[in-house]
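First comes the structure, then the notes that go with it.
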Amino acid sequence: QVQLVESGGGLVQAGGSLRLSCAASGRTFSSFAMGWFRQAPGKEREFVAGISRDTVRTNYLASVKGRFTISRDNAKNTVYLQMDSLSPEDTAVYYCAADRDPPSGISQQNARAYDYWGQGTQVTVSS
């Protein structure tokens, strides 16, 4: 069983930055593709960013591309989401997720592909 624990959320003004972290338990972290998702009140959960297990390939939601950066440190079993130029539209609960059998090692945008989820961390951006 894999446990994921997010941290780094909080309240920030528009234009500010936050860095989310997600620490994973277990020895198989480097074999997982990892993703960050978010869910705002009254909205469905949406894919934000993903990273392949080899750390090379990333993909992003169009509206965050150029502002958010996903990275991972397989030695520390941790994935990060650096969020810059935040806007109130980024307000949501952010979740990290792990896909234990990613096709070609690449992260997917479909939440159903992910096997493990963290509990979420709140990000609130004030205008």
Side-chain angles (χ1 to χ4, degrees):
Q1 188 71 11
V2 174
Q3 289 187 328
L4 304 175
V5 179
E6 301 99 336
S7 61
L11 174 64
V12 65
Q13 288 188 334
S17 298
L18 283 174
R19 187 193 195 202
L20 306 183
S21 299
C22 172
S25 64
R27 301 181 184 180
T28 55
F29 177 78
S30 61
S31 68
F32 298 155
M34 298 298 296
W36 284 97
F37 290 76
R38 68 187 181 187
Q39 188 166 18
K43 295 187 177 180
E44 293 191 353
R45 189 171 298 191
E46 66 177 352
F47 173 84
V48 175
I51 188 166
S52 61
R53 56 190 177 191
D54 63 3
T55 79
V56 173
R57 291 158 289 182
T58 58
N59 51 342
Y60 295 93
L61 177 69
S63 62
V64 308
K65 201 168 187 178
R67 301 188 297 120
F68 291 10
T69 303
I70 188 171
S71 61
R72 65 190 292 169
D73 185 337
N74 286 342
K76 295 183 178 180
N77 281 13
T78 303
V79 62
Y80 305 96
L81 185 67
Q82 176 67 41
M83 305 186 295
D84 299 318
S85 301
L86 285 161
S87 72
E89 290 70 34
D90 296 315
T91 295
V93 178
Y94 284 71
Y95 300 89
C96 73
D99 179 356
R100 64 186 175 191
D101 190 22
S104 302
I106 298 172
S107 59
Q108 302 180 76
Q109 299 189 17
N110 187 342
R112 297 177 187 176
Y114 292 80
D115 305 286
Y116 306 106
W117 292 82
Q119 82 290 349
T121 186
Q122 177 70 46
V123 171
T124 303
V125 185
S126 63
S127 57

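The first residue of the sequence shown is numbered 1, and numbering continues consecutively from there. Since we're looking at a predicted model, the values are computed, not measured.
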Which value, rounded to the nearest 0.5 Å, describes the distance between D54 atom CG and S31 atom OG? 12.0 Å

Under 4.5 Å between side-chain heavy atoms, hopping through other hydrophobics if needed: is there a path connecting Y60 to V48? yes

If you count every heavy atom of other residues, nucleotides or ligands that lies below 6.0 Å from Q3 atom CD, does the total exceed 12? no

Do the side chains of S71 and Q82 get nearer than 4.5 Å, heavy atoms only? no

Could you give the distance from NZ (K65) to OG1 (T58), rounded to the nearest 0.5 Å? 7.5 Å

ILVMFWY cluster, F37 and M34 together (side-chain gap under 4.5 Å): no

As an exercise, state the distance from OG1 of T121 to CD of Q119, rounded to the nearest 0.5 Å. 7.0 Å

For I106, does its backbone N or O pair with a side-chain atom of S52 as donor and acceptor, under 3.5 Å? no

Considering only heavy atoms from C-beta outward, does the side chain of R100 approach that of V2 to under 4.5 Å? no

Closest non-hydrogen atoms of G105 and A33, given as atom of the first, atom of the second and distance, are O-CB, 3.9 Å

Without hydrogens or angle criteria, can the side chains of N59 and R57 be said to hold a donor-acceptor pair below 3.5 Å? no

Determine whether a donor-acceptor pair (N or O, by modelled atom type, separation under 3.5 Å) exists between the side chain of N74 and the backbone of F29. no

Would you please test D115 and D99 for side-chain contact (heavy atoms from CB on, under 4.5 Å) and show each step? CA-CA 5 Å; D115 305 286; D99 179 356; 3.7 Å; yes

Among the clusters formed by ILVMFWY side chains lying less than 4.5 Å apart, do Y116 and Y94 turn up in the same one? yes

Indicate whether the side chain of R19 and that of Y80 have a donor and an acceptor atom separated by less than 3.5 Å. no

Between CZ on residue R72 and OG on residue S30, distance to nearest 0.5 Å: 7.5 Å

Using the rule that Ile, Leu, Val, Met, Phe, Trp and Tyr join whenever any side-chain heavy atoms are under 4.5 Å apart, tell me whether L86 and W36 fall into a single cluster. yes

Distance-minimising heavy-atom pair for I51 and T55: CD1-O, 3.9 Å

Honestly curious: do V93 and M83 fall in one hydrophobic cluster under the side-chain, below-4.5 Å linking rule? no

Heavy-atom closest pair (S17 atom, S85 atom, distance to 0.1 Å) is OG-N, 4.4 Å

Starting from the C-alpha separation in whole Å, work towards a yes-or-no answer on side-chain contact (heavy atoms from CB on, under 4.5 Å) for S107 and Y114. CA-CA 9 Å; S107 59; Y114 292 80; 3.7 Å; yes

If you compare all heavy atoms of I70 against all heavy atoms of G50, which two are closest, and at what distance to 0.1 Å? CG2-O, 3.5 Å

For L20, is there any backbone N or O sitting under 3.5 Å from a side-chain donor or acceptor partner on E6? no

Check E46, E89, E44 against R38 for a salt bridge (charged side-chain N to carboxylate O under 4.0 Å, His left out) and give me the one that passes. E46

Under 3.5 Å, side chain of T124 to main-chain N/O of T91, donor-acceptor pair present? no

If you measure from CZ on F68 to CG on L61, what distance do you get to the nearest 0.5 Å? 8.5 Å

